[in-house]
Amino acid sequence: MLNKLLSSSLMLLAGALAAAAADTRPNILYCLADDWSWPHAGVYGDHVIRTPTFDRVAREGMRFNYCFSAAPSCTPSRAAMLTGQYPHRLEEGSCLWGFLPKKFPVYPDLLEKAGYAVGSTRKGWGPGDFRAGGYTRNPAGPSFKDLAAFLKTVPDGKPFCFWFGSTDPHRPYQPGSGASIGLKTDHVGVPPFWPDNDVSRNDVLDYYWKVERYDREVGELLDLLDGAGKLTNTLVIMTGDNGWPFPRCKANLYDGGTRQPLAVRWPVQCKAGQVCDDFINLMDLAPTCLEAAGLKPLPEMTGRSFLGLITGAEKPGSRNTAFLERERHANVRAGDAGYPVRAIRTREFLYLRNLRPDRWPAGDPQAHKDPQRAFGDCDDGPTKNYILDHRDEPGMQQFFQLCFAKRPAEELYDLSKDPHEINNVAGQLSYAAAQKRLRAQLDDWIKDTADPRAVKDDDHWDSYPYFGGAAGAKKAGAVK
């Protein structure tokens, strides 16, 4: 009898120790906005928008000043976040409205195998058809109505990973929605590649309205976790997937298309009030989440965990470069052609290589397939329509040229003199050394990361299936 009691006590003790060990692993709350761009948050100095939740996460954790999406397009950007790999390594996963082949592991699945409860809500990976890639559920995790419904399914003592995929601030916008909540156009910063008028300023305010709603909803999630006693040991991540849906921004490799807000909060491991100037790629989030959970990132991951920056184990200053790319965004060119670009972003320069400069960067001037609109790689909206409608008027041609006209094979921007990246200095003698150096660095990256274009610069990406539009709507499993 004594032996049985001892055996039973040892089993209970082992179970308690196991539960305690499980409790030390952090929960992960991944809060992703749709088309939210840097620097549109209070902590970045935007004096119009109100983002108290993001500001709180940054204030109570770490704010990142140089975060970039791997691609300026929803589907490939999210695929890179989930797999920890550059989009060009993901085959069909590199294009909008495609699919992600299941042979590329995603971090939610890896965490689930390691004992995490995993869930998602609203927009996960996508848009595209996840079933075409061999999935029976969205790669971001099984779908739940909301975080509250998910938490009811999580056993006590079990860590969780939850993906909150907002659809804000994606277009369309309700005209006047920003002004209706008291936002003022007076201090809106209009980039110099758009006309500065009431049309563009109010368009920005309507975008702000949706950013504020995203921020408010994340705040409600934090309150829910706090009330449940789970917030302290939760790694909270707030960011966006690509740039804002305006001309020369989303679907472009300029900062307006790739530079992202990012803040993390994890009181157990991350000291409050930190600011990080190291370069982060959203692809780095997959290995970071795995390492936070005590797992080793997969060898094939090209992303680099920045957990050490969060915890203080890594000395800052070694990450000063971001590599960026895009293939086909929307299906808006004859022959279903994309607009392939590779780029390198440093503190001093942005260097871009437009691989098909004979094509229109924002889509053909004539509507082609889906969406049925001209220059369809740029989302429809008042700012876009104003530029196109007035392109032949005095003083307006420059905006059309910057946002919609064809571009040279190489572009180079001196960020210290030209932070908005509008004066291309490629080919100028005074920048020859910098251009040569960046060109070589980009070539090395293309080779080192097994970019298929290093072996054969063909257009096989253009033949990948596109599940958008009327045809895509009929596909079972298609997600927006």
Side-chain angles (χ1 to χ4, degrees), residues 32-55 65 67 69 72-74 166-218 238-262 362 373 375 377-391 395-396 398-404 418-422:
L32 186 63
D34 193 358
D35 295 1
W36 181 32
S37 197
W38 179 94
H40 306 136
V43 292
Y44 289 125
D46 191 316
H47 300 299
V48 180
I49 198 168
R50 300 165 299 197
T51 53
T53 304
F54 183 81
D55 298 352
N65 289 334
C67 174
S69 55
S73 176
C74 293
S166 175
T167 54
D168 289 332
H170 199 287
R171 290 188 187 271
Y173 304 145
Q174 180 64 41
S177 55
S180 72
I181 58 170
L183 299 180
K184 305 294 184 182
T185 59
D186 303 17
H187 296 102
V188 168
V190 177
F193 42 82
W194 308 337
D196 187 352
N197 56 28
D198 285 342
V199 173
S200 57
R201 284 175 175 263
N202 278 290
D203 203 9
V204 172
L205 290 191
D206 296 342
Y207 154 83
Y208 280 176
W209 184 93
K210 282 202 166 185
V211 174
E212 290 194 5
R213 182 168 66 177
Y214 158 74
D215 187 85
R216 184 169 60 252
E217 290 188 324
V218 175
M238 282 189 76
T239 189
D241 61 351
N242 50 247
W244 50 335
F246 285 78
R248 202 176 165 89
C249 295
K250 178 182 175 182
N252 291 273
L253 296 187
Y254 310 116
D255 277 14
T258 61
R259 195 167 176 183
Q260 302 300 136
L262 174 64
R373 62 182 186 268
F375 301 109
D377 263 356
C378 178
D379 289 23
D380 279 342
T383 304
K384 171 186 176 179
N385 294 335
Y386 187 91
I387 294 172
L388 294 179
D389 291 345
H390 298 268
R391 73 182 88 171
M396 291 298 297
Q398 59 176 322
F399 302 118
F400 175 82
Q401 289 292 324
L402 287 167
C403 296
F404 301 104
D418 180 24
H420 292 286
E421 305 159 343
I422 58 175

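Position 1 is the first residue of the sequence; numbering continues from there. None of the values given here were measured: they were computed from a predicted structure.
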*Asks:* Does Ser166 use its side chain to pair, donor to acceptor, with the backbone of Leu32 at less than 3.5 Å?
*Replies:*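 Checking the backbone N and O of Leu32 against the side chain of Ser166, no donor-acceptor pair under 3.5 Å is found.
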*Asks:* With distance as the sole criterion, is a donor-acceptor pair present between the side chains of Asn242 and Ser73 under 3.5 Å?
*Replies:*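 There is no such pair between these side chains.
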*Asks:* Working note: Phe404 + Phe399, criterion side chain to side chain contact (heavy atoms under 4.5 Å, CB included); need CA distance, chi angles, decisive distance, verdict.
*Replies:* CA-CA 8 Å; Phe404 301 104; Phe399 302 118; over 6 Å; no
*Asks:* Decide side chain to side chain contact (heavy atoms under 4.5 Å, CB included) for Arg50 and Tyr208; before the verdict, give the C-alpha distance in whole Å, the side-chain angles of both, and the deciding distance to 0.1 Å.
*Replies:* CA-CA 8 Å; Arg50 300 165 299 197; Tyr208 280 176; over 6 Å; no
*Asks:* Please collect all salt bridge (charged side-chain N to carboxylate O under 4.0 Å, His left out) contacts where either partner lies in residues 33-49, sequence neighbours excluded, each pair once.
*Replies:*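 Residue pairs with at least one partner in residues 33-49: Asp34-Arg78, Asp34-Lys123, Asp35-Lys250.
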*Asks:* Could you tell me the separation between the NE2 atom of His390 and the CD1 atom of Ile387, rounded to the nearest 0.5 Å?
*Replies:*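 Reported to 0.5 Å precision, the distance equals 10.5 Å.
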*Asks:* If I compare all heavy atoms of Glu212 with all of Leu183, which pair ends up nearest, and what's the gap?
*Replies:*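 Smallest heavy-atom distance, with atoms named: OE2-CD2, 3.5 Å.
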*Asks:* Would you mind telling me which of Asp196, Asp186, Thr185 makes a side-chain hydrogen bond (donor to acceptor under 3.5 Å, both in side chains) with Arg201?
*Replies:*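 So, applying the side-chain hydrogen bond (donor to acceptor under 3.5 Å, both in side chains) to Arg201 and each of Asp196, Asp186, Thr185, only Asp196 qualifies.
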*Asks:* Heavy-atom distance under 4.5 Å between the side chains of Tyr254 and His420, does that happen here?
*Replies:*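 Not in contact.
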*Asks:* Report yes if the side chains of Asp203 and Arg171 come closer than 4.5 Å at any heavy-atom pair, otherwise no.
*Replies:*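 The answer is yes; the side chains approach within 4.5 Å.
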*Asks:* Can you see which heavy atom on Met238 is nearest to which on Asp215, and at what distance?
*Replies:*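 For Met238 and Asp215, the tightest heavy-atom pair comes out as CE-OD1, 4.1 Å.
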*Asks:* I'd like to know if the side chain of Asp241 and the backbone of Cys74 have a donor-acceptor N/O pair within less than 3.5 Å.
*Replies:*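 No, because the side chain of Asp241 does not come within donor-acceptor range (under 3.5 Å) of the backbone of Cys74.
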*Asks:* Is there a side-chain contact between Pro382 and Asn202, using heavy atoms and a 4.5 Å cut-off?
*Replies:*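 When only atoms from C-beta onward are counted, Asn202 and Pro382 do not touch, as no gap falls below 4.5 Å.
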*Asks:* Rounded to the nearest 0.5 Å, what separation is found between the CE atom of Met396 and the CG atom of Leu388?
*Replies:*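 Answer for the CE-CG pair, Met396 versus Leu388, is 9.0 Å.
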*Asks:* Closest heavy-atom contact between Pro72 and Asn252?
*Replies:*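 Residues Pro72 and Asn252, closest heavy atoms: CB-O, 3.2 Å.
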*Asks:* Using the rule given for side chain to side chain contact (heavy atoms under 4.5 Å, CB included), can you reason through Tyr44 versus Asn65, listing the C-alpha separation, both sets of side-chain angles and the distance that settles it, and then say yes or no?
*Replies:* CA-CA 8 Å; Tyr44 289 125; Asn65 289 334; 3.4 Å; yes
*Asks:* Give the ring-plane orientation class for Tyr207 versus His40, where under 30° counts as parallel, over 60° as perpendicular and anything between as tilted.
*Replies:*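 It falls in the perpendicular class, over 60°.
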*Asks:* Say you draw a straight line from OG1 of Thr258 to CH2 of Trp38; how long is it, rounded to the nearest 0.5 Å?
*Replies:*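 The CH2 atom of Trp38 is 11.0 Å from OG1 of Thr258, to the nearest 0.5 Å.
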*Asks:* Nearest 0.5 Å please: distance from the CZ atom of Phe246 over to the CH2 atom of Trp194.
*Replies:*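 Phe246 atom CZ to Trp194 atom CH2 measures 4.5 Å (nearest 0.5 Å).
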*Asks:* I want to check something: taking the side chain as every heavy atom from C-beta on, are Tyr173 and Pro245 in contact at a cut-off of under 4.5 Å?
*Replies:*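 Of all side-chain heavy-atom pairs linking Pro245 with Tyr173, at least one is under 4.5 Å.
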*Asks:* I need the minimum non-hydrogen distance between Leu402 and Arg248, along with the two atoms involved.
*Replies:*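 So the two residues come closest at O-NH1, 2.7 Å.
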*Asks:* Return the CD to OG distance between Gln260 and Ser37, rounded to the nearest 0.5 Å.
*Replies:*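 Reported value, rounded in 0.5 Å steps: 6.0 Å.
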*Asks:* Of all the heavy-atom pairs spanning Ala33 and Trp36, show the shortest one and how long it is.
*Replies:*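 Looking at all heavy atoms of both residues, the closest pair is CB-CB, 3.6 Å.
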*Asks:* Ion pair present between Asp168 and Arg213, side-chain N to carboxylate O less than 4.0 angstrom?
*Replies:*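 Here Asp168 pairs with Arg213 in a salt bridge, since their nearest N and O are under 4.0 Å apart.
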*Asks:* With the side chain counted from C-beta on, respond yes when Phe54 and Val218 share a heavy-atom pair under 4.5 Å apart, and no when they do not.
*Replies:*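 Not in contact.
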*Asks:* Side chain of Lys210, backbone of Pro172: donor and acceptor closer than 3.5 Å?
*Replies:*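 Checked: pair present.
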*Asks:* How close do Gly178 and Asp206 get, heavy atom to heavy atom, and via which atoms?
*Replies:*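 Heavy atoms of Gly178 and Asp206 come nearest at N-OD1, 3.0 Å.
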*Asks:* About how many Å separate CG of Asp379 and NE2 of His170, when rounded to the nearest 0.5 Å?
*Replies:*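 Reported value, rounded in 0.5 Å steps: 5.5 Å.
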*Asks:* Could you tell me whether the side chain of Arg391 and the main chain of Phe400 form a donor-acceptor pair under 3.5 Å?
*Replies:*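 No.
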*Asks:* Any sub-3.5 Å donor-acceptor pair from Ser200's side-chain atoms to Pro195's backbone N or O?
*Replies:*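 Checked: pair present.
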*Asks:* Output, in order, the C-alpha distance, side-chain angles, deciding distance and verdict of side chain to side chain contact (heavy atoms under 4.5 Å, CB included) for Val48 and Leu205.
*Replies:* CA-CA 9 Å; Val48 180; Leu205 290 191; 3.9 Å; yes
